[in-house]
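One structure below.
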Amino acid sequence: FRRVLFRSDISSMAEESTSDSQGGYSAAYRNAAAAGTAILSDSRSGIKIDHTMSYNDPTIPLRKRIAARIAKSVQDIENPKCIDVACSMAGDLGHLKEALGGKPAQLFGIDLLEAQLVKARENLPEAKFTQGDVLALPYGDAEFDSVQTSRLLVHIPDFRKAIDEMIRIMKPGAIGVFSEGEMDQGM
């Protein structure tokens with residue numbers, strides 16, 4: 001692959017992933033997926049969040065810059081195949097579609113929470129959405145021209161396996177952007 005851009009502190013991710021193994025967001029996401037809901041809840045940590053609610057996201061400028069960079073990277077590829085892993089309600093895929101202008105592209109999203117994908121399908125009906133886990137992506141090797149994810153890796157206890165899975169589905173020369181922006185700073 002050509003580039004994989006990381007914006008995170010791997011050591012702090014490892015610490016959080018280890019401490020999260022008994023609860024926290026990892027457990028809340030798994031519990032929500034098992035219940036077929038987008039309401040994250042974990043009694044141990046006190047987490048309760050509805051992930052289908054809109055909110056003022058201070059990282060939108062960063063996310064739009066990522067979309068523009070991906071669009072530039074795939075501009076010479078006919079009908080590029082692009083995926084957002086942990087796509088939530090398709091906000092980042094929407095930014096990518098906008099950055100691509102009228103350029104035809106195959107847009108894909110995958111998320112652990114089917115309830116979020118219901119909203120994603122409403123928000124971006126031309127994209128293809130799949131419920132699935134980053135630790136076992138249901139795609140072939142070297143399938144995508146771009147792979148992006150945002151705010152995923154901090155929730156995965158084995159984030160190295162998640163990164164390996166995303167790299168596995170990247171075509172040679174593909175761009176991968178794995179972002180972990182600071183919510184309170186807007187990055």
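- Shown here is Glu78, whose CD atom has no more than 12 heavy atoms of other residues, nucleotides or ligands within 6.0 Å.
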- [ ] Would you check, one step at a time, whether the test side chain to side chain contact (heavy atoms under 4.5 Å, CB included) holds for Leu107 with Lys128?
- [x] CA-CA 6 Å; Leu107 301 177; Lys128 296 176 184 152; over 6 Å; no

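- Formation of a donor-acceptor pair under 3.5 Å by the Gln148 side chain with backbone atoms of Phe178 is not found in this model.
- Applying the side chain to side chain donor-acceptor pair (under 3.5 Å) rule to pairs touching residues 94-108 yields Lys97-Glu126, sequence neighbours excluded.
- Closest of all the heavy-atom pairs between Ala142 and Pro172 is CB-CD, 4.0 Å.
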TODO: Give the C-alpha distance, both sets of side-chain angles, the deciding distance and a yes or no for side chain to side chain contact (heavy atoms under 4.5 Å, CB included) between Leu117 and Thr130.
DONE: CA-CA 8 Å; Leu117 295 176; Thr130 302; 5.7 Å; no

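- Residues Ala162 and Leu135 approach most closely at N-CD2, 3.7 Å, considering heavy atoms.
- Remark: Ile169 CD1 to Leu137 CG distance equals 5.0 Å, nearest 0.5 Å.
- Listed for the Asp133 side chain is no donor-acceptor partner under 3.5 Å among the backbone atoms of Ala136.
- Residue Ser146 comes nearest to Val74 through the heavy atom pair CB-CG1, 4.3 Å, listed as atom of the first residue, atom of the second, then distance.
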Open item on the list: Show, in sequence, the C-alpha distance, side-chain angles and deciding distance for Arg151 and Thr59, and conclude whether the side chain to side chain contact (heavy atoms under 4.5 Å, CB included) test is met.
Closed with: CA-CA 10 Å; Arg151 295 186 234 160; Thr59 67; 2.7 Å; yes

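- The two atoms that bring Ala105 and Leu100 nearest to each other are CB-CD1, 3.6 Å, heavy atoms only.
- Contact check on Glu143 versus Lys171 returns no salt bridge, with no Lys/Arg side-chain nitrogen under 4.0 Å from an Asp/Glu carboxylate oxygen.
- Side-chain N or O atoms of Asn123 include none that pairs as donor or acceptor with a backbone N or O of Ala90 at under 3.5 Å.
- Under the 3.5 Å distance criterion, the side-chain polar atoms of Thr149 are left unmatched by any main-chain donor or acceptor of Ala86.
- Residue pairs that meet the salt bridge (Lys or Arg N to Asp or Glu O under 4.0 Å) test with at least one member in residues 109-120, sequence neighbours left out, are Glu114-Arg121.
- Going from atom CG of Leu96 over to atom CZ of Arg63 covers 12.5 Å, rounded to the nearest 0.5 Å.
- For the atom pair CG (Leu152) and OG (Ser88), the distance works out to 11.5 Å, reported to the nearest 0.5 Å.
- Scanning for side-chain hydrogen bond (donor to acceptor under 3.5 Å, both in side chains) contacts around Asp141 gives Arg168, with sequence neighbours left out.
- For Leu153 against Glu180, the heavy-atom pair with the smallest separation is N-OE2, 2.8 Å.
- Note that the CG atom of Asp164 and the CG atom of Asp158 stand 8.5 Å from one another [nearest 0.5 Å].
- The structure places CD1 of Ile77 at 10.0 Å from CD1 of Ile175, a figure rounded to the nearest 0.5 Å.
- Cys87 SG to Leu93 CG: the interatomic distance, rounded to the nearest 0.5 Å, is 6.0 Å.
- Scanning all heavy atoms of the two residues, the minimum distance from Val177 to Ile66 falls at CG1-CG2, 3.7 Å.
- Taking the six-membered ring for Trp and the full ring otherwise, the centers of Phe108 and Phe144 sit less than 6.0 Å from each other.
- Leu113 and Val118 sit in two unconnected hydrophobic clusters of ILVMFWY residues. Membership requires side-chain heavy atoms under 4.5 Å apart, directly or through other members.
- A donor-acceptor contact shorter than 3.5 Å is absent between the side chain of Gln131 and the backbone of Ile110.
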TODO: Take Ser179 and Leu62, measure what side chain to side chain contact (heavy atoms under 4.5 Å, CB included) needs, and give me the verdict at the end.
DONE: CA-CA 9 Å; Ser179 169; Leu62 168 66; 3.6 Å; yes

